[in-house]
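Each remark here refers to the structure printed beneath this line.
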Protein chains: 2
Amino acid sequence: MSKIIPNISIDCVIFGFDFKQLNVLLVERKLIDKDSKQVLIDDWTLVGYHIYEDEDMDTAAARILRKISGIEDIYLEQFYTFGDENRIKNEKDKLWHKHHNKHFKSRVVTVGYYSLIDNTKVKLSLSDRNVKWFAIDDLPELGFDHKKILDKALDSLRDKLRNQPIGFELLPEKFTISQMQRLYEEILGTRFDRRNFRKKVLQMKYIIPLDEKQTGVKHKAAQLFAFSREVYEKTKTERFDFTI
Amino acid sequence: MSKIIPNISIDCVIFGFDFKQLNVLLVERKLIDKDSKQVLIDDWTLVGYHIYEDEDMDTAAARILRKISGIEDIYLEQFYTFGDENRIKNEKDKLWHKHHNKHFKSRVVTVGYYSLIDNTKVKLSLSDRNVKWFAIDDLPELGFDHKKILDKALDSLRDKLRNQPIGFELLPEKFTISQMQRLYEEILGTRFDRRNFRKKVLQMKYIIPLDEKQTGVKHKAAQLFAFSREVYEKTKTERFDFTI
DNA sequence: ACAAAAGTGTTCGAACTACACCCATGG
DNA sequence: CCATGGGTGTAGTTCGAACACTTTTGT
């Protein structure tokens with residue numbers, strides 16, 4: 001195996017939507033003193049690790065996510081790189097570093113990736129780390145500058161949702177209109193009129209009605225839809241839209 | 001002075017607009033063999049260099065730009081980080097590296113920043129490097145993967161222009177409506193109706209008419225306008241806009 | 001039968017498009 | 001006096017916002 005690059009890391013902000021609320025995947029960071037058995041650190045961080053010398057960054061992001069959480073084959077989008085000289089400054093972070101990155105004391109630059117997946121469809125494989133979903137509005141204490149990174153990822157996700165019709169990569173294959181509406185409302189923090197939303201969505205030619213209905217619901221089953229990337233690429237045009 | 005970090009660099013894509021066409025700032029990359037006097041490399045690159053160990057990335061970007069071009073105090077926006085394992089693969093690039101980054105053979109990750117300025121207002125200070133503006137549609141051969149970086153920067157600039165009313169940081173302090181229109185047309189590659197454009201712009205409350213007119217033109221002098229970031233921040237609202 | 005969400009149309013105002021003529025200035 | 005860009009209004013159309021009742025299904 002190749003060597004890791006000690007001053008470059010990747011952090012993945014994995015958003016999970018369960019059609020109720022927006023969640024984010026975090027990893028427990030725990031450090032216990034060998035002698036005194038005292039818990040020195042016990043908080044949470046994003047899914048992250050260093051990259052290897054012979055590895056592309058996108059590949060590294062996918063590997064790190066797979067290794068830590070078991071999640072595979074999802075679209076990851078790079079959104080920002082965090083490299084302030086003092087980004088890791090508090091005592092816990094320094095302590096953690098001393099234990100895990102021993103022969104290295106300089107600043108670590110981290111490249112942020114995010115994704116949005118249906119977290120009801122994903123099984124987290126148990127690695128040696130404790131990995132859990134947290135509701136975005138009920139987060140535990142985060143280590144390093146990961147709160148800042150998470151906030152920036154959420155901004156990027158919102159921008160993407162607002163400006164790129166839909167994150168194709170960011171939704172399950174089949175969905176109902178109101179699932180889609182809930183996703184938009186939850187992430188953008190807004191409410192839309194059901195009828196207008198439906199009208200708007202149905203205008204989009206790349207949203208294809210399927211001959212299939214929802215199952216397992218205790219009310220009228222809704223029709224399922226799918227995205228067609230092909231149609232999307234064809235109908236994509238330049239827009240002039242410097243509204244506000 | 002502090003040490004440089006050999007595997008992290010910054011590249012600045014400085015777009016310059018002269019109210020006629022879009023330009024980009026490039027630096028000549030020349031390597032001459034000491035003995036044979038043969039020109040081994042003679043092409044152009046973006047404005048870039050490594051960061052120092054005790055320096056924030058934003059600070060480094062500003063410093064690198066200042067050192068190489070003399071340009072100061074402009075807004076630089078980070079847009080993407082390029083770190084493919086083989087991003088520098090051709091012979092010229094390897095040769096250059098051998099000469100300038102001697103004791104280092106691993107991949108260099110580069111963080112991209114861009115800006116847009118009025119290049120008629122900027123004096124390039126002569127450093128030891130040859131620095132020049134090039135029209136965006138008449139570029140010379142670019143070294144490394146800098147063509148790819150430039151293209152991505154242009155995409156980001158277009159996105160910003162389309163989605164964030166105007167890049168406040170990206171325009172001169174005082175401007176006429178038709179200068180603004182030319183900027184939009186040139187960068188987005190579209191044409192707008194003069195009257196409709198003006199109408200749209202004048203609706204924006206954060207675009208403030210000044211008691212001042214253009215000077216030095218051989219036709220009717222146009223009124224000057226300025227942005228008010230203050231008003232912008234106040235009137236900014238959430239939009240739902242997944243148009244296509 | 002009732003609870004829960006699906007599905008459906010119309011009206012009103014705002015915003016966008018297309019379009020042509022006169023004005024001020026410098027050379 | 002002419003060339004160059006500045007400044008202006010209106011009509012038609014499209015788009016988005018607001019709004020309530022009926023249908024289907026599982027329990």
Side-chain angles (χ1 to χ4, degrees), chain A residues 17-21 120 161-163 165-166 174-186 188 190-205 207-226 235 237-244, chain B residues 17-21 120 162-163 165-166 174-186 188 190-226 235 237-244:
Chain A
F17 190 59
D18 53 15
F19 296 104
K20 287 208 198 72
Q21 62 184 0
T120 62
L161 229 57
R162 261 193 285 264
N163 299 318
I166 192 75
K174 300 169 181 181
F175 51 89
T176 70
I177 302 282
S178 52
Q179 283 175 335
M180 180 170 162
Q181 180 171 351
R182 257 168 289 174
L183 181 135
Y184 270 85
E185 290 182 343
E186 197 53 41
L188 299 181
T190 46
R191 293 293 109 124
F192 303 108
D193 179 89
R194 254 165 20 90
R195 282 165 291 188
N196 293 338
F197 189 93
R198 167 173 290 266
K199 215 183 300 171
K200 186 156 186 171
V201 168
L202 293 181
Q203 276 168 214
M204 303 172 180
K205 284 164 305 229
I207 294 190
I208 314 287
L210 302 175
D211 279 335
E212 235 180 302
K213 297 207 160 182
Q214 226 178 359
T215 55
V217 287
K218 59 173 196 252
H219 52 76
K220 180 172 175 179
Q223 188 175 18
L224 290 169
F225 293 80
T235 55
T237 52
E238 290 300 330
R239 292 174 298 137
F240 179 52
D241 180 41
F242 62 110
T243 334
I244 245 220
Chain B
F17 190 58
D18 53 14
F19 297 104
K20 286 208 198 72
Q21 62 183 358
T120 63
R162 261 193 284 266
N163 300 318
I166 192 73
K174 300 169 182 181
F175 51 88
T176 70
I177 303 282
S178 51
Q179 285 174 335
M180 180 172 162
Q181 182 171 349
R182 257 167 290 174
L183 182 135
Y184 271 85
E185 291 183 343
E186 195 55 38
L188 300 181
T190 47
R191 292 293 107 126
F192 303 108
D193 179 89
R194 252 167 18 94
R195 281 164 291 191
N196 293 338
F197 189 91
R198 168 174 290 266
K199 215 185 298 172
K200 186 154 188 173
V201 168
L202 292 182
Q203 276 169 215
M204 303 172 179
K205 283 165 302 230
Y206 49 85
I207 294 190
I208 314 288
L210 302 176
D211 280 334
E212 233 179 304
K213 298 206 159 184
Q214 225 179 0
T215 54
V217 288
K218 59 174 196 248
H219 51 76
K220 182 171 173 179
Q223 189 176 16
L224 290 168
F225 293 80
T235 57
T237 52
E238 289 302 327
R239 291 175 299 138
F240 179 54
D241 179 42
F242 62 110
T243 332
I244 240 223

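Just so it is clear: chains get the letters A, B, ... in the order the sequence lines come, proteins before strands, and each one is counted from 1.
B:Lys218 has its NZ atom 11 Å from the C1' atom of C:dT25, to the nearest Å. In this structure, A:Phe192 atom CZ and D:dC19 atom P are separated by 17 Å, rounded to whole Å. What separates CE of B:Met180 from P of D:dG7 is a distance of 14 Å, to the nearest Å. Rounded to an integer number of Å, the gap from CZ of A:Phe197 to C1' of C:dA5 is 16 Å.
The side chain to side chain contact (heavy atoms under 4.5 Å, CB included) search around A:Glu186 returns A:Phe17, A:Gln21, A:Leu22, A:Arg191, not counting sequence neighbours. Under the side-chain hydrogen bond (donor to acceptor under 3.5 Å, both in side chains) criterion, B:Lys174 pairs with B:Glu212, not counting sequence neighbours.
In this structure, CZ in B:Arg182 is found 10.0 Å from CG in B:Asp18, a value given to the nearest 0.5 Å.
The two residues A:Met180 and A:Ile207 make their nearest non-hydrogen contact at CE-CD1, 4.0 Å. Across every non-hydrogen atom of B:Gln214 and B:Ala221, the tightest pair is O-CB, 3.3 Å. In terms of heavy atoms, A:Phe197 sits closest to A:Gln181 at CZ-CA, 3.4 Å.
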Next item on the list: Could you encode protein contacts along nucleotides 6-15 of chain C as a string, one character per nucleotide from 5' to 3', using B for base contact, S for sugar-phosphate-only contact and - for no contact, with a heavy-atom cut-off of under 4.0 Å?
Entry: BBBBB-----

